[in-house]
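Starting from 1, each residue takes its place in the sequence as its number.
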Amino acid sequence: MARLAAFPKAWLNDLGAGGTMMLREWIEMSRAFDIDGLEFYAGFRELADAARWSEFRRQVEDQGLCIPMLCCSPDFTHPDPFFRREQIDFEKRWIDMAAGLGAEFCRVLSGQRRPDVSRADGIRFAADAIAECRRHAAERGVTLILENHYKDGFWVYPEFAQRIDVFLDLLREIPEGIDFGVNFDPSNCVVCGEDPIELLEAVKGRVVTMHASDRYFEGGTLADLQRLDQDPRAGYATILKHGVIGRGLNDYDRIFSILHGAGFDGWISIEDGADPGTTFEDIRQSALFLRRKMAEHGLGAHRRQIA
């Protein structure tokens, strides 16, 4: 059966370099959520010390949970081979980190959509880098997961393989296997005005994890969003907001029905909001919604009763 995790999107800066929030605070929050695991991010400042990876794994397991996924953002589409080599080395360390945390999955991306890199070169750069990282991951019992991402917060340009056609072209260059899969995020299709159901139907047989999120329009329309996406440097559109899962644009009945039909039994990780002031309750409500829908579609049941 599928299992449910949560990701601290609203607290990434607080948990990262320069922040003051401690990982134990995020771990202790899990008591209030009906979840099975906590997704970690490679940029958490306390993870810089490899000697502490087992410590954080124990802290999570003491809550009756596990760390199923490590979220990372390698950038493989730079034209400079020395830059790409550095990014491969970063990803390999993050794979080691995932293994040290007990995570089964480690995210990988293509890289930035640079105007001076052709589609063919970008796919080749990313596919070659992923192949090398995949070998490193397989040796450590970690599965790489390629996400249909939008844009890392520290990047200048959006994801090279953001759009469905490019993502599928890249995926065709990566052989199937138990050590590689897709991390599906429906909201990242919405961000660029595409249909997440179209992508899911195309990749459903390779989806092993999912980022569950939801978006809604505030002061704009889909047509406005599509116009904004013409700017390759555009950040997250201000007219598109994060919200409690189940209250936005994504059709979770269709998504979960397709996943069930494809035999999905992996992890679904809540990626909810960017406002620390509301995200605690948003995650709690999102978890309740997702548990209900997972049960309705035969994907899983409640782990525990939460007041």
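- When side chains are defined from C-beta on, Q59 counts as touching R24, because their heavy atoms get closer than 4.5 Å.
- The main-chain N or O of I245 is found under 3.5 Å from a side-chain atom of S286 such that the two form a donor-acceptor pair.
- The only option from C133, C71, C72 that meets the side-chain contact (heavy atoms from CB on, under 4.5 Å) definition with C106 turns out to be C72.
- Side-chain atoms of Q162 and N148 form no donor-acceptor pair, as typed in the model, at a separation below 3.5 Å.
- Side-chain atoms of I130 and F76, non-hydrogen and from C-beta on, do get closer than 4.5 Å to each other.
- Formation of a donor-acceptor pair under 3.5 Å by the T279 side chain with backbone atoms of D282 is not found in this model.
- Taken from NZ in K9 to CG in D272, the straight-line distance is 10.0 Å, to the nearest 0.5 Å.
- No side-chain donor-acceptor contact under 3.5 Å links D34 to the backbone of A287.
- Under a 3.5 Å cut-off, the side chain of N250 and the backbone N or O of S213 do form a donor-acceptor pair.
- Hydrophobic clustering, with ILVMFWY side chains joined whenever heavy atoms are under 4.5 angstrom apart, groups L146 together with F7.
- Using modelled atom types, one finds a donor on one side chain and an acceptor on the other under 3.5 Å when comparing R31 with Q63.
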*Should R52 and D49 be marked as a salt bridge (Lys or Arg N to Asp or Glu O under 4.0 Å) after you check the CA-CA gap, both sets of side-chain angles, and the distance that decides it?*
CA-CA 6 Å; R52 301 192 67 190; D49 182 358; 5.2 Å; no

_Apply side-chain hydrogen bond (donor to acceptor under 3.5 Å, both in side chains) to residues T209 and R107 and explain how you reach the verdict._
CA-CA 10 Å; T209 60; R107 188 178 78 171; over 6 Å; no

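- Not one N or O on the side chain of R140 forms a donor-acceptor pair closer than 3.5 Å with the backbone of A99.
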*Verdict with reasoning, D75 to R114, per salt bridge (Lys or Arg N to Asp or Glu O under 4.0 Å)*: CA-CA 11 Å; D75 182 4; R114 295 177 170 85; 2.5 Å; yes

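- R85 has no carboxylate O lying under 4.0 Å from a charged side-chain N of D80, or vice versa, which leaves the two without a salt bridge.
- The side-chain heavy atoms of V182 and M210, taken from C-beta on, include no pair separated by under 4.5 Å.
- Under a hydrophobic-cluster definition in which Ile, Leu, Val, Met, Phe, Trp and Tyr are linked whenever side-chain heavy atoms come within less than 4.5 Å, directly or via other members, L109 and L12 are assigned to different clusters.
- Side-chain contact check for T77 and Q112: no donor-acceptor pair (N or O, by modelled atom type) lies under 3.5 Å.
- Put simply, W267 and L288 are part of two different groups of oily side chains (I, L, V, M, F, W, Y) that touch within less than 4.5 Å, one to the next.
- No path of Ile, Leu, Val, Met, Phe, Trp and Tyr side chains, each step under 4.5 Å between heavy atoms, connects F125 with Y157, placing them in separate hydrophobic clusters.
- Counting heavy atoms from C-beta on, the side chains of F264 and V207 come closer than 4.5 Å.
- Pairs passing the ring pair (Phe, Tyr, Trp, His ring centres under 6.0 Å) check and including a residue from residues 158-208, sequence neighbours excluded, do not occur.
- Residues forming a ring-ring contact (aromatic ring centres under 6.0 Å, His included) with W26 (at least two apart in sequence, or on another chain): W11.
- Formation of a donor-acceptor pair under 3.5 Å by the E201 side chain with backbone atoms of E198 is not found in this model.
- When hydrophobic clusters are built by joining Ile, Leu, Val, Met, Phe, Trp and Tyr residues whose side-chain heavy atoms come closer than 4.5 Å, directly or via intermediates, F40 is grouped together with I95.
- Ion pairing between a basic and an acidic side chain is recognised when a charged N comes within 4.0 Å of a carboxylate O; D179 and R134 show such pairing.
- There is no side-chain donor-acceptor pair under 3.5 Å between H211 and N188.
- Looking at R206, its side chain does come within 3.5 Å of a backbone N or O of L171 through a donor-acceptor pair.
- Judged by distance alone, the side chains of E281 and Q285 do bring a donor and an acceptor atom under 3.5 Å apart.
- Between F256 and H297, the angle of the ring planes goes over 60°, which puts this pair in the perpendicular group of the 30/60° scheme.
- Inspection of the E159 and S110 side chains reveals an N or O donor paired with an N or O acceptor under 3.5 Å.
- The shortest side-chain heavy-atom distance between V108 and I145 does not fall under the 4.5 Å cut-off.
- A salt bridge links K293 and E296; the closest N-O separation between the charged side-chain nitrogens and carboxylate oxygens is under 4.0 Å.
- Remark: H136 NE2 is packed, more than 12 non-hydrogen atoms of other residues, nucleotides or ligands lying under 6.0 Å away.
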*Take F33 and L4 through the side-chain contact (heavy atoms from CB on, under 4.5 Å) test and state the conclusion after the steps.*
CA-CA 10 Å; F33 308 139; L4 188 63; over 6 Å; no

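- We find that R57 and E61 are joined by a salt bridge, their nearest charged nitrogen and carboxylate oxygen being less than 4.0 Å apart.
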_Residue pair R172, D169: steps toward the salt bridge (Lys or Arg N to Asp or Glu O under 4.0 Å) verdict_ = CA-CA 5 Å; R172 291 185 189 101; D169 281 351; 2.5 Å; yes

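- With a 4.5 Å cut-off on side-chain heavy atoms, P79 and D116 count as touching.
- The distance from atom CD of E91 to atom CD of E86, rounded to the nearest 0.5 Å, is 13.5 Å.
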*Could you walk me through whether K92 and E132 pass salt bridge (Lys or Arg N to Asp or Glu O under 4.0 Å), step by step?*
CA-CA 9 Å; K92 287 181 177 181; E132 181 173 341; 2.7 Å; yes

